[in-house]
Amino acid sequence: MASLGERIGRLFADYASLLDSERYDEWLDLFAEQATYQIVPRENVQLGLPASLMLCRNKDMLRDRITTLLEVNEYDIYSARHILGLPRFDEPSGGIVSVETPFAVYHTDQEGVSRLFGVGEYRSRIACAGSRLLFEANIVQLDTFSVPTLLADPL
């Protein structure tokens, strides 16, 4: 059986791969029904400011966000690539493990030009009871409040 660290690493590898390949339904399966998903600038976290760039308080809100992304939003076509650092975590407490994982997301446009879209850290709470890991919360803490284009996709 894989260690907890290996399982967490695989969860984040799946998370990034599913977003990069736009397999959003499978990405949603990585979240518990009452999971929180939030994109927030680091400055707001440091100053205790409540404003988020995106906030979904449960999986239904995440589903709605994905539906809007796929059916309503019109934006430049690009492909995304997530680059992840190694997750850092402590031992689980009450079946939940807190994890911090650095990331960078690049976007490549139709002309083949790649640019850095965002850098930050995932601050996650992951349910680790049983054989399956699920996100109870995934706070995407961006290093800046400025993103170069419309923030339509989850990060």
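The basis for the numbers below is simple: all heavy atoms, side chains too, and nothing from hydrogens, waters or symmetry mates. Starting from 1, each residue takes its place in the sequence as its number.
- Relative orientation of the Phe135 and Phe12 rings is perpendicular, given thresholds of 30° and 60° on the angle between their planes.
- Under the 4.5 Å side-chain heavy-atom criterion for grouping Ile, Leu, Val, Met, Phe, Trp and Tyr, Met54 is connected to Leu30 within one hydrophobic cluster.
- Side-chain contact between Ile66 and Trp27 is present, with heavy atoms from C-beta onward closer than 4.5 Å.
- Applying the side-chain contact (heavy atoms from CB on, under 4.5 Å) test to Arg63 and every residue at least two apart in sequence or in another chain returns Leu28, Glu33, Lys59, Asp60.
- Remark: the backbone N or O of Arg23 is not paired with any side-chain donor or acceptor of Glu26 at under 3.5 angstrom.
- Listed by first then second residue, pairs satisfying side-chain hydrogen bond (donor to acceptor under 3.5 Å, both in side chains) with a partner in residues 129-140 read Tyr15-Asn138, Ser124-Asn138, not counting sequence neighbours.
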Could you tabulate the donor-acceptor pairs under 3.5 Å formed by side-chain atoms of residues 85-106, not counting sequence neighbours?
from: Arg88; atom 1: NH2; to: Glu100; atom 2: OE1; distance (Å): 3.2
from: Arg88; atom 1: NH2; to: Glu121; atom 2: OE2; distance (Å): 2.3

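- Rounding to the nearest 0.5 angstrom, the gap separating the OG1 atom in Thr108 from the CZ atom in Arg115 is 10.0 Å.
- The shortest non-hydrogen separation linking Pro154 to Leu19 is O-CD1, 3.9 Å.
- Tracing side-chain contacts under 4.5 Å through hydrophobic residues (I, L, V, M, F, W, Y), one reaches Leu70 starting from Tyr37; they form part of the same cluster.
- Two residues are said to be in side-chain contact when any heavy atoms from C-beta on lie closer than 4.5 Å; Leu142 and Val40 fail this criterion.
- Closest heavy-atom contact between Leu55 and Met61: O-CE, 3.8 Å.
- What you find for Cys128 and Leu4 is that their closest heavy atoms are CB-CD1, 4.2 Å.
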